[in-house]
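Order of appearance sets the numbers: ligands from 1, and atoms from 1 within every ligand. This structure is a prediction, so every number in the text was calculated from the model and none was measured.
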Amino acid sequence: MDSFVTAVVFGLVSIATVLLSYLASRRAKLRLGARLADVAATEAGARRLLDELPEAVMLLDAEGRVLSANASATELCGGEPTSLIHSFFLDLVDAADRDELRAGWRRAMAGEIVEPAPVRLVGDDGVVLVEATFHRARNPDEPDDSDRDDSDRPDTDRADPDRPDTDRAEDDTVELDELRRKRQMVLRFRDVSEREQHSRALQQARRRFQQAFHSAPTGMALVRIDDGRIVDANQSLAEMLGLEIDQLVGHTLREFTHPDDVRAAVPHRARLELGIVDSYRLDQRYLRSDGEFVWARTRVSLTEDDGTMLAITHIEDVTEQKRTAEQLTFAANHDELTGLPNRSSLMSLLSERLEGAPPSSVAVLFVDLDHFKVVNDTLGHGVGDELLSTMAGRLRSVVRDHDVLARFGGDEFIVVLSRVAHEGDPAEVAERIRRALHEPVMIDEHELFVTASIGYSSNVDSGMTPNELLRDADAAMYRAKARGRDCVEAFEAAGHETGVQALRTTGELRRGIERHEIVPYFQPIVDLESGRVLGYEVLARWQHPDRGLLTPAQFLPLAEETGLLVDLGTEMLRNSLAQLASWRAAGHDFANCSLSVNVGNRQLLDPAFCKLVGELLGETGIDADSLWLEITETSLLADVKAATTTLRELRSLGLHLSVDDFGTGYSSLTSLKRFPVEAIKVDRKFVSGLGIENEDTTIVEAVVKLGQALGLAVIAEGIETPLQLSRLRDLGCDKGQGYLFGRPRPAALIESERVEA
Ligand code: C2E
Ligand code: CA
Ligand code: CA
């Protein structure tokens with residue numbers, strides 16, 4: 001563009017010059033002849049054209065005097081148009097710039113192409129920085145001598161614009177002749193003060209950036225976007241990577257990035273290059289020349305430099321920060337003494353292992369040192385600590401790398417075996433552990449013989465939680481202790497467990513009942529058609545202070561055997577009725593429902609039972625109509641006569657009766673007619689096979705039909721899936737309960753759920 005304007009200006013000026021001199025010579029020849037008027041008109045047109053040019057143009061004679069100047073030139077020089085004519089243009093220029101300008105003049109006179117030079121014009125309005133260009137204009141009448149070097153000719157010597165004014169000998173009248181004979185010079189110039197300022201500011205900014213860049217305490221690199229090569233890097237970055245700056249320049253940052261982190265940067269870079277973002281931040285590792293790596297927070301933003309897209313990359317070393325964070329995380333998840341995962345991290349590790357694990361593939365070993373307390377108390381905590389560390393080391397050497405080993409508490413360790421293939425596996429590992437710990441330990445000249453009791457359990461069904469697994473392993477460990485310590489025991493499901501449990505827990509259970517640790521949980525019974533909650537079944541839970549929440553399977557058999565069931569049952573009945581009363585007193589709508597309380601065989605045989613129920617109803621103020629008692633089919637059949645009498649008595653109170661676990665007792669269906677019951681509960685064992693097992697489906701269908709025939713309500717238990725629900729609806733079963741509608745929950749939860757809903 002610039003060169004185009006220059007060319008146009010050059011052309012116009014040349015034309016104008018040629019035109020003017022041509023006209024001048026013609027005028028001289030014709031001696032102001034008849035066509036002078038025409039010529040004058042044309043001359044005026046050329047003049048106007050020149051004045052319209054934004055660029056300042058002057059025509060100078062061979063000695064540097066202004067012959068004519070266009071409007072822009074006059075304006076820039078700050079004078080009147082007339083005052084400029086005949087003045088030496090060098091006089092218009094700051095004295096300091098004259099020598100250079102003169103040299104340029106000479107070269108231009110000699111026909112050389114002269115580069116534009118910055119010159120300060122001193123006008124009436126002050127100094128203006130311009131860029132001046134000369135070029136020689138040729139008189140049209142002059143012979144073509146462009147090949148000759150004119151610079152040595154005597155008359156060009158005289159073409160010295162610095163001559164004093166007095167040297168201007170020529171007379172106005174000979175001007176036309178002079179023009180023909182001598183060369184003329186076109187001087188063009190333009191105001192560049194603004195541009196100059198701009199470029200100075202730019203340079204300054206560049207310098208400042210360079211300074212900031214190179215002295216920055218964080219690593220910095222300028223990276224070309226197109227090929228990713230480093231254009232410049234600072235000392236901090238070089239030091240961070242243990243290199244020299246020139247070992248970085250020309251390379252890509254990728255070459256220094258940890259191979260595992262290279263991919264992470266790709267989408268960020270792509271977004272930057274596509275203009276979706278103009279910067280991004282990323283933590284990644286860079287490799288140092290010594291083979292170590294540094295963690296660095298990398299911030300990349302785009303910039304443009306002379307048309308090249310560059311990424312300014314800040315690379316801040318955050319290795320220390322990362323290490324501290326890692327240390328903190330480690331400390332939060334590990335036991336300080338042994339360095340093993342602690343209890344809280346064990347819980348999360350265990351639930352990770354259990355997630356999606358097939359049944360019996362995960363085993364938990366509960367390792368408890370025997371008589372550790374004695375060591376601690378007699379030899380001191382120092383020895384105790386050392387003993388624990390030694391034992392932790394031995395445990396580690398026995399378990400496989402992918403198994404979890406954690407310190408659970410004081411002298412308790414947990415091993416989690418995953419991918420257990422054979423049932424014998426955990427027993428084998430436990431036995432190896434037992435033997436390893438059995439070896440004597442030397443601490444401060446004390447030879448210690450330490451043994452451990454180990455219990456283990458495994459995820460017999462796939463839905464088991466970490467707590468359940470730990471609880472089972474813990475129970476098994478207690479059995480090992482009971483067997484005399486220094487041995488391994490497997491967890492055995494309820495039933496087999498009771499004998500040993502009883503030894504340990506009769507006293508415990510009695511105390512548990514006394515301390516109200518056995519509490520009612522509530523599970524909704526719903527109307528299958530509408531989903532409306534009709535009532536709650538009351539299910540006992542033992543909030544054991546050490547062993548967590550225990551389910552009936554873990555303590556009911558014991559309660560039944562020891563006769564504690566009567567006390568326990570009374571507790572349940574009293575607590576749940578009181579709970580219902582308190583909900584009603586609080587005005588909760590959901591409390592306008594019934595409660596179904598389980599009654600054990602022993603309670604039923606207790607002659608005072610009916611009286612007790614009546615008293616509890618009176619005590620709590622609950623109407624008998626709101627109470628259902630669930631009696632298992634088996635206890636009904638144990639002593640049909642006695643049962644019938646008690647049931648009649650109970651019915652006379654106004655409460656309702658249902659037969660629990662129906663279908664498991666092989667009672668003849670017709671014997672049901674003898675009992676004053678109003679509902680039957682279909683055992684969940686049949687419900688679970690509904691729609692899958694033909695036999696189960698048939699049984700449920702038969703029970704529902706029987707119930708309908710006898711005018712009894714049918715309640716299906718253990719409904720877990722929508723399929724089971726829809727089958728039950730098809731069969732015409734009216735009520736049901738199961739995890740699909742809600743698990744058994746403590747009173748507080750029922751309240752918060754129902755009140756919110
Ligand atoms: P149950 O009377 O047949 O109670 C239903 C059992 O099924 C409860 O087990 C309940 O938690 C469970 N259950 C409910 N819905 C589902 C489901 O969808 N899927 C599965 N898998 N299970 C479901 P829980 O609470 O362990 O009680 C076991 C048994 O202990 C009860 O069987 C009942 O016979 C007895 N029991 C509970 N509390 C008491 C009590 O206070 N007194 C007496 N005498 N017996 C009680
Ligand atoms: Ca029940
Ligand atoms: Ca049942």
Side-chain angles (χ1 to χ4, degrees), residues 460-465 468 471 493-495 509 512-513 516-526 528 535-543 549-577 579 594-606 609 612-613 616 627-636 638 656-665 677 679-690 715-725 728 735-746:
V460 283
D461 65 63
S462 49
M464 281 182 85
T465 66
E468 285 168 343
R471 188 196 56 209
L509 182 59
I513 297 170
H516 310 292
E517 286 166 9
I518 298 169
V519 298
Y521 268 45
F522 299 84
Q523 185 181 34
I525 297 172
V526 305
L528 292 188
Y536 291 92
E537 176 169 4
V538 177
L539 294 159
R541 293 290 181 272
W542 186 356
Q543 289 174 331
L549 193 68
L550 303 182
T551 56
Q554 293 168 286
F555 58 86
L556 272 192
L558 176 67
E560 260 163 1
E561 247 170 59
T562 58
L564 283 170
L565 185 75
V566 176
D567 293 345
L568 191 149
T570 311
E571 272 290 291
M572 276 309 104
L573 198 53
R574 175 183 285 124
N575 287 349
S576 54
L577 287 174
Q579 183 61 61
S594 61
L595 286 186
S596 301
V597 181
N598 292 288
V599 176
N601 191 24
R602 288 254 191 159
Q603 287 171 280
L604 211 59
L605 297 177
D606 182 1
F609 183 62
L612 177 79
V613 176
L616 290 177
L627 181 63
W628 284 76
L629 294 180
E630 296 188 0
I631 294 126
T632 60
E633 190 187 8
T634 7
S635 45
L636 286 180
H656 310 279
L657 297 170
S658 55
V659 183
D660 205 356
D661 300 348
F662 190 77
T664 57
V677 296
I680 38 180
K681 298 188 80 172
V682 187
D683 198 81
R684 73 161 186 270
K685 155 159 117 209
F686 305 115
V687 173
S688 68
L690 202 60
I715 302 157
E717 289 186 316
I719 306 171
E720 293 182 347
T721 68
L723 175 74
Q724 291 165 346
L725 173 61
L728 286 163
K735 300 175 191 175
Q737 72 189 90
Y739 295 167
L740 186 64
F741 311 107
R743 291 179 177 256
R745 296 207 194 286

Peer 1: Which pair of non-hydrogen atoms, one from A716 and one from V687, has the smallest distance, and what is that distance?
Peer 2: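 Heavy atoms of A716 and V687 come nearest at CB-CG2, 4.1 Å.
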
Peer 1: Under 4.0 Å from any heavy atom of D661, which atoms of ligand 1 are there?
Peer 2: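 Checking each atom against D661, I get 3 (O).
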
Peer 1: Report yes or no: do T551 and Q554 form a side-chain donor-acceptor pair below 3.5 Å?
Peer 2: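 A donor-acceptor contact under 3.5 Å links the two side chains.
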
Peer 1: Work out which heavy atom in P552 is nearest to a heavy atom in R541; give both atom names and the distance.
Peer 2: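 Closest heavy-atom pair between P552 and R541: CD-NH1, 3.2 Å.
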
Peer 1: Any side-chain to backbone donor/acceptor pair from E717 onto Q737? Under 3.5 Å, distance only.
Peer 2: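 Absent.
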
Peer 1: Tell me, please, which residues at least two apart from R745 pass salt bridge (charged side-chain N to carboxylate O under 4.0 Å, His left out).
Peer 2: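 Salt bridge (charged side-chain N to carboxylate O under 4.0 Å, His left out) check on R745 returns E753.
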
Peer 1: Quick check: do V682 and F662 have side-chain heavy atoms less than 4.5 Å from each other?
Peer 2: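 Sidechains of F662 and V682: no contact.
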
Peer 1: Can P744 be said to touch ligand 1, with heavy atoms closer than 4.0 Å?
Peer 2: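 It does; at least one heavy atom falls under 4.0 Å.
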
Peer 1: Ligand 1 versus L740, non-hydrogen atoms closer than 4.0 Å: side chain, backbone, both, neither?
Peer 2: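 Near ligand 1, L740 shows nothing, with every heavy atom at 4.0 Å or more.
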
Peer 1: Say whether R743 and ligand 1 are in contact under the criterion: heavy-atom distance to a ligand atom below 4.0 Å.
Peer 2: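 Distance cut 4.0 Å: R743 fails for ligand 1.
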
Peer 1: Need the ligand 1 atom indices (1-based, order shown) with element for anything under 4.0 Å from a heavy-atom of G600.
Peer 2: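 Near G600, meaning under 4.0 Å from one of its heavy atoms, ligand 1 has 44 (N).
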
Peer 1: Looking only at N, O or S atoms, which one in E537 sits nearest to the Ca ion (ligand 2)?
Peer 2: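 Of all N, O or S atoms belonging to E537, OE2 is the one nearest the Ca ion (ligand 2).
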
Peer 1: So, the side chain of N598 versus the backbone of V538: is there a donor-acceptor pair under 3.5 Å, distance only?
Peer 2: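 Judged by distance alone, yes, a pair lies under 3.5 Å.
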
Peer 1: Please list, chain by chain and in numerical order, all residues satisfying side-chain hydrogen bond (donor to acceptor under 3.5 Å, both in side chains) with T632, sequence neighbours excluded.
Peer 2: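 Scan of T632 (side-chain hydrogen bond (donor to acceptor under 3.5 Å, both in side chains), adjacent residues dropped) gives S635.
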
Peer 1: Which atom name does E630 have for its N/O/S atom nearest to the Ca ion (ligand 2)?
Peer 2: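 Closest N, O or S atom of E630 to the Ca ion (ligand 2): OE1.
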
Peer 1: Pairs of nitrogen or oxygen atoms closer than 3.5 Å, one from A540 and one from ligand 1: do any exist?
Peer 2: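 Between A540 and ligand 1 (N or O atoms, distance only) the closest approach is under 3.5 Å.
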
Peer 1: Check if E537 has a non-hydrogen atom at a distance under 4.0 Å from any atom of ligand 1.
Peer 2: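 Yes, that is the case, since the closest heavy atom of the residue is under 4.0 Å from the ligand.
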
Peer 1: Atom 12 (C) of ligand 1: which of R684, Q554, E571 has the nearest heavy atom?
Peer 2: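 Looking at heavy atoms only, the winner is R684.
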
Peer 1: How does L556 reach ligand 1, by side chain, by backbone, by both or by neither, if only non-hydrogen atoms under 4.0 Å count?
Peer 2: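 Side chain only.
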
Peer 1: Do L564 and F555 come within less than 4.5 Å of each other through their side chains, counting heavy atoms only?
Peer 2: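 When only atoms from C-beta onward are counted, F555 and L564 do not touch, as no gap falls below 4.5 Å.
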
Peer 1: Applying a strict 4.0 Å limit to heavy atoms, is G569 in contact with ligand 1?
Peer 2: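 The answer is no: ligand 1 sits nowhere under 4.0 Å from a heavy atom of G569.
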
Peer 1: For residues Q603 and F609, report the shortest heavy-atom separation together with the two atoms involved.
Peer 2: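 That would be O-CB, 3.3 Å.
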
Peer 1: Going by heavy-atom distance to atom 21 (N) of ligand 1, choose the closest among E720, Q737, E630.
Peer 2: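 The residue whose heavy atom sits nearest atom 21 (N) of ligand 1 is E720.
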
Peer 1: Any N/O/S atom of D661 sitting less than 3.0 Å from the Ca ion (ligand 2), backbone or side chain?
Peer 2: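 It does not; every qualifying atom lies at 3.0 Å or beyond.
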
Peer 1: For L595 and L577, which heavy atoms make the closest approach, and how far apart are they?
Peer 2: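 Minimum heavy-atom separation between L595 and L577: CD1-N, 4.1 Å.
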
Peer 1: Quick check on contacts: which atoms of ligand 1 are under 4.0 angstrom from a heavy atom of M572?
Peer 2: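 Near M572, meaning under 4.0 Å from one of its heavy atoms, ligand 1 has 41 (O).
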
Peer 1: Would you say the Ca ion (ligand 2) has T632 as a near neighbour, meaning an N/O/S atom of that residue under 3.0 Å away?
Peer 2: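 So T632 does not count as coordinating the Ca ion (ligand 2).
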
Peer 1: Within ligand 1, which atoms have a heavy atom of E717 less than 4.0 Å away?
Peer 2: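 Counting from 1, the qualifying ligand atoms are 3 (O).
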
Peer 1: Run the numbers for me: atoms of ligand 1, each under 4.0 Å from some heavy atom of I719, listed by number.
Peer 2: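 Those atoms are 18 (O).
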
Peer 1: Measuring from the Ca ion (ligand 2), name the closest N, O or S atom belonging to D660.
Peer 2: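 Of the nitrogen, oxygen and sulfur atoms in D660, the Ca ion (ligand 2) lies nearest to OD2.
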
Peer 1: Looking only at heavy atoms, what is the nearest atom pair of V566 and T570, with distance?
Peer 2: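 So the two residues come closest at O-OG1, 2.7 Å.
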
